[in-house]
Amino acid sequence: EPEVTQTPSHQVTQMGQEVILRCVPISNHLYFYWYRQILGQKVEFLVSFYNNEISEKSEIFDDQFSVERPDGSNFTLKIRSTKLEDSAMYFCASCREQKNYGYTFGSGTRLTVV
Amino acid sequence: DAKTTQPNSMESNEEEPVHLPCNHSTISGTDYIHWYRQLPSQGPEYVIHGLTSNVNNRMASLAIAEDRKSSTLILHRATLRDAAVYYCILRDPNSGGSNYKLTFGKGTLLTVNP
């Protein structure tokens, strides 16, 4: 069964450093998303991406965050200057179309900011 | 998005059926009912979705009330691997343009006893 692949599975970074989280969505999917989950809390929407542009972003997704789909297969989330409160699981998801399909989520990247 | 209400937790025994309820009294006529689950330390996983009719797939069945104000996810024979948080989410694919983001609540924590 096709999978969404995320790398790395765990990243530790110093506060103020830039991190890039990588995702390879399912190849025939058209809609891409990033979510995050702080330990013990709800899964929160960050951003959606369609047709090579951001279609919606949440309040969490401020100027420190950016997304890219540089080569038609990878989908990346960059955090420019990490803060302690950015520590969370980050999940990438993709979806083929809106009505008749569910999302497929990756296994996540655990980001720890120290 | 319309709101859903789920019990915080439920318990079941292995190999017995499980009925996970969800109330959504403010559902609109075009909202689809989605169910996802999240196993420990993993990303959310699509389970099933439906609009008006009951739905079956290899993972579960979805029973939708005639007035659509409630639904029930049915796991026919619970296994230890079904222990997870189950989320009931409403989404209208015709709203929000190409966004189609999912909004997660707290879900129901299902414990399966051996």
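Just so it is clear, the values below take in all heavy atoms, side chains as well, and ignore hydrogens, waters and symmetry mates. So that the names make sense, note that chain A is the first sequence line, chain B the second, and so on, each numbered from 1.
Side chains of A:Y103 and B:K101 form a contact here, defined as non-hydrogen atoms less than 4.5 Å apart.
Within 6.0 Å of the CG atom in A:D63, the count of heavy atoms belonging to other residues, nucleotides or ligands does not exceed 12. By the neighbour-count criterion of 12 heavy atoms within 6.0 Å, atom CG of A:N28 is densely surrounded, having more than that number from other residues, nucleotides or ligands. More than 12 heavy atoms of other residues, nucleotides or ligands shown are found within 6.0 angstrom of CD on A:Q64. Heavy-atom contacts from other residues, nucleotides or ligands closer than 6.0 Å to NZ of A:K83 number more than 12. With a 6.0 Å radius and a threshold of 12 heavy atoms from other residues, nucleotides or ligands, A:L39 has its CG atom at or below the threshold. Within 6.0 Å of atom CD in A:E59, 12 or fewer heavy atoms from other residues, nucleotides or ligands are found, so the atom counts as exposed in its surroundings.
Here the CE-CD distance, from A:M89 to B:Q42, works out to 9.5 Å after rounding to the nearest 0.5 Å.
The two atoms that bring B:G43 and A:F91 nearest to each other are CA-CE2, 3.2 Å, heavy atoms only. Listed here is the closest heavy atom pair of A:Q37 and B:Q38: OE1-NE2, 2.8 Å.
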- Task: Evaluate side chain to side chain contact (heavy atoms under 4.5 Å, CB included) for A:V43 paired with B:Y87, printing each intermediate quantity in order.
- Result: CA-CA 10 Å; A:V43 177; B:Y87 302 99; 4.2 Å; yes
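No path of Ile, Leu, Val, Met, Phe, Trp and Tyr side chains, each step under 4.5 Å between heavy atoms, connects B:Y86 with B:I74, placing them in separate hydrophobic clusters. By the rule that hydrophobic residues join a cluster once side-chain heavy atoms approach within less than 4.5 Å of another member, A:F45 and A:Y50 end up as members of one cluster. Grouping the Ile, Leu, Val, Met, Phe, Trp and Tyr side chains by contacts below 4.5 angstrom, directly or via other members, places A:F75 apart from A:L30.
Proximity to chain B is absent for every atom of A:F49, based on heavy atoms less than 4.5 angstrom apart.
Interface residues of residues 107-114 of chain A toward chain B, defined by a heavy-atom distance below 4.5 Å and sorted by number: A:S107.
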